[in-house]
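Here's the structure we're looking at; comments come further down.
Basis for what follows: all heavy atoms, side chains included, without hydrogens, waters or symmetry-related copies. Lettering follows sequence order; numbering is per chain, from 1.
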Amino acid sequence: MRENIKKAVLEALEQCMDSGELPKKDVTTDIQISRPKHESHGDFATNIAMVLASQLKMAPRNIAQALQGRLEENPLFDRVDVAGPGFINFFIRPEWWQKGIVSIVEKGAEFGRSSSANGKKVLIEFVSANPTGPLHVGHGRGAAVGDSLARVMKAAGYDVETEYYINDAGNQMKTLGTSVYLRYLEHYGRDVEFSQECYQGDYIKDIARDIAEREGDRFVDVPVEECVEFFTTHAVNIISASIRDDLESFRVHFDNWFSEKTLHESGKVQEAIDFLKERGQIYEKDGALWFRSSDFGDEKDRVVRRANGILTYFAADIAYHRDKLERGYHMLVDIWGADHHGYIPRVKASIAALGHSEDKLKVLLVQLVNLFEGGKVKQMSTRAGQFVTLREVLDDVGTDAARFMFMTRKCDSHLDFDLELAKKKSQDNPVYYVQYAHARLCSVFRNAEAQGITLGDISEIDTSRLSAREEMDLIRALGEFPVVVEGAAHALEPHRVSYYLTELASMLHSYYTKYRFIEQDVELSRARMLLAQATKNVFATGLELLGVSAPEKM
RNA sequence: GCCCCCGUAGCUCAGGGGAUAGAGCACAGGAUUCCUAAUCCUGGUGUCGCAUGUUCGAAUCAUGCCGGGGGCACCA
């Protein structure tokens with residue numbers, strides 16, 4: 001619809017210039033076709049007259065009036081107004097809207113999906129929590145944002161892959177193995193000192209008990225250095241499996257699981273460092289190896305290999321991003337916790353140093369989730385063992401409510417998640433509002449079928465019967481769905497979809513209360529059922545994009 | 001000290017150059033012989049944190065300040 005209007009406007013401009021109504025001149029026509037807030041301003045509006053005013057050296061209203069004369073002849077419009085400082089307001093003929101409903105139903109699940117991104121290859125990396133403990137609520141938010149973003153971008157025609165980077169190397173692994181080892185000794189009644197450095201959570205004890213059951217006491221008298229690797233591997237396997245389980249319950253899917261350890265083992269970390277060294281981006285100081293990230297906008301240089309010979313996490317990260325870049329993506333999206341924001345300049349610097357445009361990397365920072373319980377904020381720390389797990393939240397409020405909840409804020413704003421509210425008053429959750437709209441529409445079709453009314457040949461349906469104000473509002477809103485999806489994908493803001501669906505649900509519920517889909521008049525019923533079908537499709541597709549189920553009954 | 005995010009109705013937040021700034025919650029009242037009342041309808045609030053600037057036009061952009069949160073290792 002917007003495209004048609006834009007075309008009409010540009011044609012009118014050309015005609016006016018040819019006829020001398022407007023000065024003939026090369027102008028930039030970077031114009032907007034927008035939906036006005038007030039219905040008295042029509043279905044769409046354009047700011048072209050204001051944009052051209054300075055270029056043509058004419059008053060905006062005069063330009064608008066010239067264009068108006070041409071645009072009024074276009075059969076697409078019922079009426080064309082000039083308003084305010086020079087807006088041109090378009091009132092679309094109702095039949096254009098009404099006919100649109102047929103094509104929405106014909107497109108079915110495809111409506112809202114497009115190829116506007118032309119198969120641009122994107123890798124979205126998210127969650128990537130260390131395999132040292134269960135996922136907590138904060139990870140859940142990242143998971144919901146990343147997975148929904150992947151779905152939305154796919155719908156907009158991106159070629160999307162998702163990836164989880166497993167930090168299964170480094171110091172923390174040794175800490176994990178040691179923690180389990182100590183709990184194992186405790187299990188056999190040994191008196192051990194369990195230091196603050198160790199992972200405190202009860203899940204460590206569970207893993208230790210599991211090892212005891214399988215392996216018996218054969219490690220009890222083995223010094224920690226000799227068996228820590230066994231404990232580490234075992235713990236990582238168990239924790240990774242439970243992370244995968246949690247994500248599956250959360251309907252979050254990853255195409256790839258990428259292990260940091262393999263980067264080290266295959267020598268890719270060293271390769272990346274050597275590559276930068278050849279380019280003169282690495283130097284030695286105080287016994288350590290440094291990357292010249294300050295040459296690329298970072299505030300200081302960063303260490304890639306410490307004086308003790310151990311490679312830093314950042315070194316692996318350079319190699320990891322190099323690997324991603326070599327896999328040929330047009331865009332890399334990393335979703336990180338907001339506490340990692342200081343990390344962005346150095347990773348971007350490494351991408352530039354590797355010879356790529358740093359714009360290829362888009363980092364979304366997901367702000368903290370403030371978890372409330374009884375009005376108190378619960379602090380979360382994996383090491384201290386005090387946290388609310390994603391699993392716990394899923395068991396309490398369910399996947400649908402949790403996923404929708406995480407989509408009710410843009411990701412860079414803090415989110416308050418009140419557990420008690422979510423538990424006790426779960427029907428107040430906005431997700432039910434949207435799901436209920438879908439369920440109600442399904443119920444309409446069940447009833448229609450019971451009465452023997454079916455849609456039949458939809459091309460035969462008289463859509464002009466859909467003329468009530470509420471019907472036109474719904475129809476117009478349905479037409480916005482593809483625009484919303486595309487906008488959400490390009491802006492990397494999946495939360496827009498949840499806002500859209502909530503608004504659509506509000507319109508549907510209003511309509512539902514005031515009118516009946518199934519009436520005595522069968523032709524009218526068919527027209528309304530067509531509208532119901534189109535609306536139901538949009539709810540189903542929209543909820544799918546959010547990873548939320550669309551129940552047929554509630 | 002430096003960096004990032006936030007500041008919009010009583011509360012939680014949308015809107016991120018465009019016309020008269022919106023929703024949910026909370027509060028009060030009302031609606032169901034009929035497709036699901038997990039619903040709807042009616043009621044009212046704003047120095048858009050403050051100040052300068054850019055613009056035909058600023059809640060929106062820029063700069064500075066104030067307030068809240070987070071981050072600034074040869075940790076991961």
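Among the heavy atoms of the strands, none lies under 4.0 Å from A:Ala437. Within the nucleic acid shown, A:Ala169 comes within 4.0 Å of sugar-phosphate atoms alone, with no base atom in reach, counting heavy atoms only. Contacts of A:Ala83 with the nucleic acid, taken as non-hydrogen atoms under 4.0 Å apart, include base atoms. At a threshold of 4.0 angstrom between heavy atoms, the contacts of A:Ala307 include nucleobase atoms, whether or not backbone atoms are also involved. In this structure, A:Asp286 reaches the bases: a heavy-atom distance under 4.0 Å links it to at least one base atom across the strands shown.
Close to B:rC35, at under 4.0 Å from its OP1 or OP2, lies no side-chain N or O of A:Lys536. Between A:Arg440 and the phosphate of B:rA37, there is a side-chain N or O to OP1/OP2 separation shorter than 4.0 Å. Phosphate proximity of B:rG15 to A:His495: present, with a side-chain N or O under 4.0 Å from OP1 or OP2. Between A:Tyr512 and B:rC41 there is no side-chain N or O to OP1 or OP2 distance below 4.0 Å.
Comparing the same atom, P, in B:rA26 and in B:rC40 gives a spacing of 13 Å after rounding to whole Å. Taking the P atoms as reference points, B:rA21 lies 23 Å from B:rC25, given to the whole Å. Nucleotides B:rU45 and B:rG71 have their P atoms positioned 42 Å apart, rounded to a whole Å. One C1' atom belongs to B:rG44, the other to B:rA38, and the distance between them is 27 Å to the nearest Å.
Between the side chain of A:Thr389 and the backbone N or O of A:Pro134, no donor-acceptor pair lies under 3.5 Å. At least one donor-acceptor pair under 3.5 Å links the side chain of A:Arg526 to the backbone N or O of A:Thr454.
When the nearest nucleotides of RNA chain B are assigned to A:Ser506 and A:Trp290 by heavy-atom distance, the more 5′-ward of the two goes with A:Ser506. Projected onto RNA chain B by closest heavy-atom contact, A:Phe445 and A:Glu493 fall at different nucleotides, the more 5' of which corresponds to A:Glu493.
A donor-acceptor contact closer than 3.5 angstrom links the side chains of A:Tyr511 and A:Arg528. A donor atom on one side chain and an acceptor atom on the other are not found under 3.5 Å apart for A:Gln172 and A:Tyr313. Judged by distance alone, the side chains of A:Asn537 and A:Gln533 do bring a donor and an acceptor atom under 3.5 Å apart.
A donor and an acceptor atom never sit less than 3.5 Å apart when one is taken from the side chain of A:Lys410 and the other from the base of B:rG15. The base of B:rG70 lies close enough to the side chain of A:His341 for a donor and an acceptor atom to sit less than 3.5 Å apart. In this model, no side-chain donor or acceptor of A:Asp317 finds a partner on the base of B:rA76 within 3.5 Å.
Rounding to whole angstrom units, CZ of residue A:Phe539 and C1' of B:rA38 are separated by 14 Å. Atom CD1 in A:Ile273 sits roughly 16 Å away from atom P in B:rC74 (whole-Å rounding). One can place NZ of A:Lys285 at 9 Å from P of B:rC74, the figure rounded to the nearest angstrom.
Across the strands present, B:rC65 finds its partner in B:rG49; the criterion is a Watson-Crick or G-U wobble pair with both atom distances under 3.5 angstrom. Pairing partner, B:rG1: B:rC72, with both Watson-Crick or wobble hydrogen-bond distances short of 3.5 Å.
Of the candidates B:rU39, B:rG70, B:rA59, B:rA59 carries the atom nearest the A:Lys37 side chain, counting heavy atoms from C-beta on. Counting only heavy atoms from C-beta on, A:Tyr436 has its side chain closest to B:rA37 among B:rA37, B:rA76, B:rC74. Considering only side-chain atoms of A:Tyr499, the nucleotide from B:rA19, B:rA14, B:rC75 that sits closest is B:rA14. You'll find that the side chain of A:Phe517 is closest to B:rC35, out of B:rA59, B:rC6, B:rC35. Listed nucleotides B:rU39, B:rG22, B:rC41 differ in distance to A:Ser510; the shortest reach to its side chain belongs to B:rC41. Among the nucleotides B:rA14, B:rC40, B:rA38, the one closest to any side-chain atom of A:Thr513 is B:rC40. Of the listed nucleotides (B:rA76, B:rU20, B:rC35), B:rC35 has the atom at the smallest distance from the side chain of A:Asn447. Which of B:rC13, B:rA76, B:rG70 sits closest to the side chain of A:Arg409 comes down to B:rC13. The side chain of A:Tyr433 has B:rC40 as its nearest neighbour among B:rC35, B:rC40, B:rA19. The listed nucleotides are B:rC72, B:rG18, B:rG16; the one nearest the side chain of A:Glu299 is B:rC72.
Checking A:Lys324, A:Lys362, A:His340 one by one against A:Asp334, the side chain to side chain donor-acceptor pair (under 3.5 Å) holds for a single residue, A:Lys324.
Stacking between A:Phe87 and the base of B:rG18 is absent under the criterion of ring centres within 5.5 Å and planes under 30 degrees. In this structure, the aromatic ring of A:His41 is positioned over the six-membered ring of the base of B:rA19, centres within 5.5 Å and planes within 30°.
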